[in-house]
Amino acid sequence: MRQDLRSELIRLANHFGTDPEYVRAGGGNASFKQHDLLHIKASGTTLAGLQGEDLVPLRMAPLVDALVKEEQVDGGPVMVAAEKARVGDAGGRRPSVEILFHALIPDPLVLHLHPLVANAVTCNEQGRELTARLLGDDAIWVDYIDPGVPLARGIAAARQEFEDRTGAPSPAITMLGNHGIIVSGHSFAEVAERTNWLTSVIRDTISTSAASTSTQPPRDRAPNRDIPHLHALATHFRNATARTAVMHDADAFIAETSGVSAGPVSTGPLIPDQIVYAGSLPVLLRGDDDDDAVDKAVAQFRAAHGRSPIVAVVPQTAAFAVGDSEQSARNALDTYRDALRVARDADLLGRVRVLNERERHFIENWEAEAYRRSVAASPR
């Protein structure tokens with residue numbers, strides 16, 4: 001009996017989208033192909049809440065053409081291709097900006113996620129080597145490439161290289177440097193099994209590496225137990241950034257992972273979604289900073305980066321995040337915690353790789369990501 005691909009895709013999206021180990025907020029995307037149409041998640045909507053009406057139908061031919069044509073277009077080439085491919089009235093919804101790689105992968109179901117465990121490999125200087133060692137010919141590796149047409153062409157090239165080298169079809173798992181994973185298949189069971197398999201292989205490797213490098217039990221400490229002062233510092237940060245809400249954490253995990261040498265603290269972001277929801281870098285504060293000191297730190301950050309910080313860190317003590325609602329502040333803080341964990345685990349496997357200045361500036365200034373952020377912040 002033929003599977004209902006729409007139902008299979010929604011089941012996949014809801015299953016993995018409700019687990020923060022795999023994706024947060026409006027991150028990730030999903031699609032299914034039927035006949036000559038691609039049905040893909042609208043930008044900014046969530047995998048967790050995906051419903052049939054959230055899928056935007058597009059004709060495949062214009063999307064495939066956009067991968068190979070070099071013609072100059074007025075506007076972003078992905079959105080121009082999407083407009084050419086549009087079927088009927090999209091009701092103001094934009095398809096995911098990653099439509100092109102969904103179109104080029106032949107399997108009918110395509111799921112794109114940002115798993116914390118898998119990103120210890122994708123956000124790693126040794127990511128290509130780790131992928132080959134751990135996943136073999138069941139996965140291909142793609143170095144970080146700017147989203148849109150460049151990324152889709154990079155994935156197409158990696159698939160072709162694999163097929164030329166092995167004489168076999170390209171595998172259903174793609175590891176995207178400093179981004180996430182793509183897993184495809186013909187059914188919920190097939191895609192879920194592949195996703196769970198690669199996650200378990202990498203998780204076991206992280207656990208083994210942690211056990212072999214640990215010379216003493218982990219410290220169960222939170223250096224600053226002065227919770228009233230942390231609340232005051234959080235309030236100062238919220239006021240300095242002129243935001244509505246602020247959240248903060250000061251637990252043992254933050255103490256362990258938020259040292260100044262940690263990549264997400266002082267070097268750069270790990271994946272585009274971190275930039276979208278938590279900003280590229282945090283402002284660094286001291287635990288005893290008063291209002292004036294926080295104001296000065298935020299002003300200096302704004303002058304250096306051209307935008308206010310979303311996250312603040314007191315190294316090895318606390319992390320704060322602001323937003324226009326408690327939900328957006330919490331999501332920003334959780335996204336930043338995810339980055340700290342991925343960086344820690346990446347360093348266990350090799351050495352964490354952060355997005356460089358050019359790469360992060362592209363995301364910071366990309367209109368499509370600003371749109372996705374605005375939709376994700378709006379109530380359904």
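Using a cutoff of 4.0 Å between basic side-chain nitrogens and carboxylate oxygens, Glu129 and Arg133 are not scored as salt-bridged. We find that Arg243 and Asp324 are joined by a salt bridge, their nearest charged nitrogen and carboxylate oxygen being less than 4.0 Å apart. In this structure, Arg341 does not pair ionically with Glu256, as no charged nitrogen and carboxylate oxygen lie closer than 4.0 Å. A salt bridge is absent between Asp54 and Lys41; no separation between the charged side-chain nitrogens and carboxylate oxygens falls under 4.0 Å. Using a 4.0 Å cut-off between a side-chain N of Lys or Arg and a carboxylate O of Asp or Glu, Glu359 and Arg353 qualify as a salt bridge. Ionic pairing of Asp292 and Lys296 is not present here: no N-O contact between side-chain nitrogen and carboxylate oxygen is shorter than 4.0 angstrom. Asp36 and Arg59 are not joined by a salt bridge, as no carboxylate oxygen comes within less than 4.0 angstrom of a charged side-chain nitrogen. Electrostatic pairing of Arg330 and Glu326 does not count as a salt bridge here, judged by no charged N lying under 4.0 Å from a carboxylate O.
Checked against the 6.0 Å centroid criterion, the rings of His248 and Phe237 do not qualify as a close aromatic pair.
The ring-ring contact (aromatic ring centres under 6.0 Å, His included) test applied to His361 returns no partner, not counting sequence neighbours. For Ala156, the side chain to side chain contact (heavy atoms under 4.5 Å, CB included) partners at least two apart in sequence or on another chain are Leu104. Ala293 pairs by the side chain to side chain contact (heavy atoms under 4.5 Å, CB included) definition with Asp289, Asp290, not counting sequence neighbours.
Ring orientation note: the planes of Phe101 and His112 are nearly perpendicular, at an angle over 60° on the 30°/60° scale. Using a 30° and 60° split on the angle between ring planes, Phe32 and His39 fall in the parallel class, below 30°.
The stretch residues 279-288 participates, sequence neighbours left out, in these side-chain hydrogen bond (donor to acceptor under 3.5 Å, both in side chains) pairs: Ser280-Glu364, Arg286-Asp288.
Cluster partners of Val354, using a side-chain heavy-atom cutoff of under 4.5 Å among ILVMFWY residues and allowing indirect links, are Leu116, Leu270, Ile271, Val342, Val352. In this structure, Val260 shares a hydrophobic cluster with no other residue, the cluster being traced through Ile, Leu, Val, Met, Phe, Trp and Tyr side chains under 4.5 angstrom apart.
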